[in-house]
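Worth knowing before you read on, the calculation uses all heavy atoms, side chains too, and leaves out hydrogens, waters and symmetry mates. Numbers for residues simply follow the sequence, beginning at 1.
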Amino acid sequence: MVEVRLRGWHPGDVPAVLAAFAVPDMARQAAGPIDTPEAALEWMGFWGFRDDAQAFAVTVDGEVVGNVAVSNIDVHDTGWVSYWTSPHARGRGVATAAAAALAEWAFRERGLFRLELGHRLDNPASCAVAVRAGFTAEGIERAKLRYGDERHDVERHARLATD
């Protein structure tokens, strides 16, 4: 597995965020366009001011190649995991290593017990990341996500601190 490091987001990471969200599959997952330095800074800032979430820039050899986050942390010690990688970093195990590292951090540092994530059924690469990072498939949630006018079924996975 590739060696990744997780660190906080910095203003100098704006070019990496803009490049990532310039790709159509990433752009459609953002709440709004992330196509200016101001929008990239706003996206980074969104993660920086939440008590129920933590996001990390994923780096390989010092280069920002993705994001991994846990959000919606609740009173049941459960959080929602999300991840993305820049197109040039895909297929190298970066997302798997980042999701596994985030899980260890969340269990150890945040004291969480359960981590959940979901992926569209038409995204087998994300499913593979989840499985390789130790997340067990738990079932299908019908029409859970909406991008534009299209709804997508989602497969939910979870990893427990005791796994």
(request) Determine, using ring centers only, whether Trp105 and Phe56 are less than 6.0 Å apart. (result) yes
(message) Can you confirm whether Glu104 is buried at CD, in the sense that more than 12 heavy atoms of other residues, nucleotides or ligands lie under 6.0 Å from that atom?
(response) yes
(request) Kindly indicate whether the side chain of Asn72, heavy atoms from C-beta on, has any atom under 4.5 Å from the side chain of Arg50. (result) yes
(request) Give, for atom OH of Tyr147 and atom CG of Asp25, the distance between the pair rounded to the nearest 0.5 Å. (result) 10.0 Å
(message) So does Ala103 get a backbone contact from the side chain of Arg159, meaning a donor-acceptor N/O pair under 3.5 Å?
(response) no
(request) Step by step, work out the ring-ring contact (aromatic ring centres under 6.0 Å, His included) result for Trp84 and Phe21. (result) CA-CA 10 Å; Trp84 56 259; Phe21 282 98; 5.5 Å; yes
(message) I'd like to know if the side chain of Asn67 pairs up with that of Trp47 as donor and acceptor (distance under 3.5 Å, no hydrogens or angles considered).
(response) no
(request) Check step by step if side-chain contact (heavy atoms from CB on, under 4.5 Å) holds for Glu150 and Leu145. (result) CA-CA 8 Å; Glu150 190 176 354; Leu145 299 178; over 6 Å; no
(message) When you group the ILVMFWY residues by side-chain heavy-atom contacts below 4.5 Å and let the links chain together, are Trp80 and Val68 in the same group?
(response) no
(request) Check whether any side-chain heavy atom of Ile140 lies under 4.5 Å from a side-chain heavy atom of Val154, and answer yes or no. (result) no
(request) Find the distance between CD (Gln54) and CG (Leu6) and round it off to the nearest 0.5 Å. (result) 10.0 Å
(request) Check the side chains of His88 and Glu63 for a donor-acceptor pair under 3.5 angstrom, ignoring hydrogens and angles. (result) yes
(request) For the pair Arg114 and Asp74, find out whether any cationic side-chain nitrogen is under 4.0 Å from an anionic carboxylate oxygen. (result) no
(request) Determine whether Tyr83 and Met26 fall in the same hydrophobic cluster, where Ile, Leu, Val, Met, Phe, Trp and Tyr are linked whenever their side-chain heavy atoms lie under 4.5 Å apart. (result) no
(request) Taking the side chain as every heavy atom from C-beta outward, state whether Val94 and Val65 have any pair of such atoms under 4.5 Å apart. (result) yes
(request) May I ask you to test the Arg110-Ile73 pair for a side-chain heavy-atom distance under 4.5 Å? (result) yes
(request) Take the angle between the ring planes of Trp9 and Trp43 and call it parallel below 30°, perpendicular above 60°, tilted in between. (result) perpendicular
(request) Report the distance from atom CG of Asp122 to atom SG of Cys127, rounding to the nearest 0.5 Å. (result) 12.0 Å
(message) If hydrophobic clusters are built by linking Ile, Leu, Val, Met, Phe, Trp and Tyr wherever their side-chain heavy atoms come under 4.5 Å apart, do Ile34 and Val23 end up in the same one?
(response) no
(message) Looking at every heavy atom in both Ala39 and Pro33, which two are closest together, and how far apart are they?
(response) CB-O, 3.7 Å
(request) Could you tell me whether Lys144 and Glu155 make a salt bridge, using a distance below 4.0 angstrom between a side-chain N and a carboxylate O? (result) no
(request) Specify the closest pair of heavy atoms between Pro11 and Leu41, including all atoms of both residues, with the distance to one decimal. (result) CA-CD2, 3.9 Å
(request) Have a look at His157 and tell me which of Glu138, His119, Glu116 forms a side-chain hydrogen bond (donor to acceptor under 3.5 Å, both in side chains) with it. (result) His119
(request) For Ser86 and Ala89, indicate whether the former's side chain and the latter's backbone hold a donor-acceptor pair under 3.5 Å. (result) no
(request) Kindly say whether Val2 contributes a backbone atom to a donor-acceptor pair with the side chain of Arg92 at under 3.5 angstrom? (result) no
(request) Look at the side-chain heavy atoms of Ile, Leu, Val, Met, Phe, Trp and Tyr, link any pair under 4.5 Å apart, and say whether Leu115 and Val131 land in one connected group. (result) no
(request) Please examine the side chains of Val60 and Glu3, heavy atoms only from C-beta on, and report whether any two atoms are closer than 4.5 Å. (result) no
(request) Mind checking the OG1-CG spacing from Thr78 to Leu160? Nearest 0.5 Å is all I need. (result) 8.5 Å
(message) Quick one: does any side-chain atom of Asn123 pair with a main-chain N or O of Ser126 as donor and acceptor, under 3.5 Å?
(response) yes
(request) Give, for atom CZ of Arg156 and atom CD of Glu141, the distance between the pair rounded to the nearest 0.5 Å. (result) 4.0 Å
(message) How about CZ on Arg108, more than 12 heavy atoms from neighbouring residues, nucleotides or ligands closer than 6.0 Å, or not?
(response) yes
(message) Would you say that Phe135 contacts Val81 through its side chain, given a criterion of any heavy-atom pair below 4.5 Å between the two side chains?
(response) yes
(message) Does any part of the side chain of Met44, heavy atoms only, come nearer than 4.5 Å to the side chain of Val14, both counted from C-beta?
(response) yes
(request) Would you mind reporting whether Leu121 and His152 have side-chain heavy atoms less than 4.5 Å apart? (result) no
(message) To the nearest 0.5 Å, what is the distance between CZ on Arg120 and CG on Asp153?
(response) 11.5 Å
(message) Membership question, hydrophobic clusters at under 4.5 Å side-chain separation (ILVMFWY): are Val70 and Phe113 in the same one?
(response) no
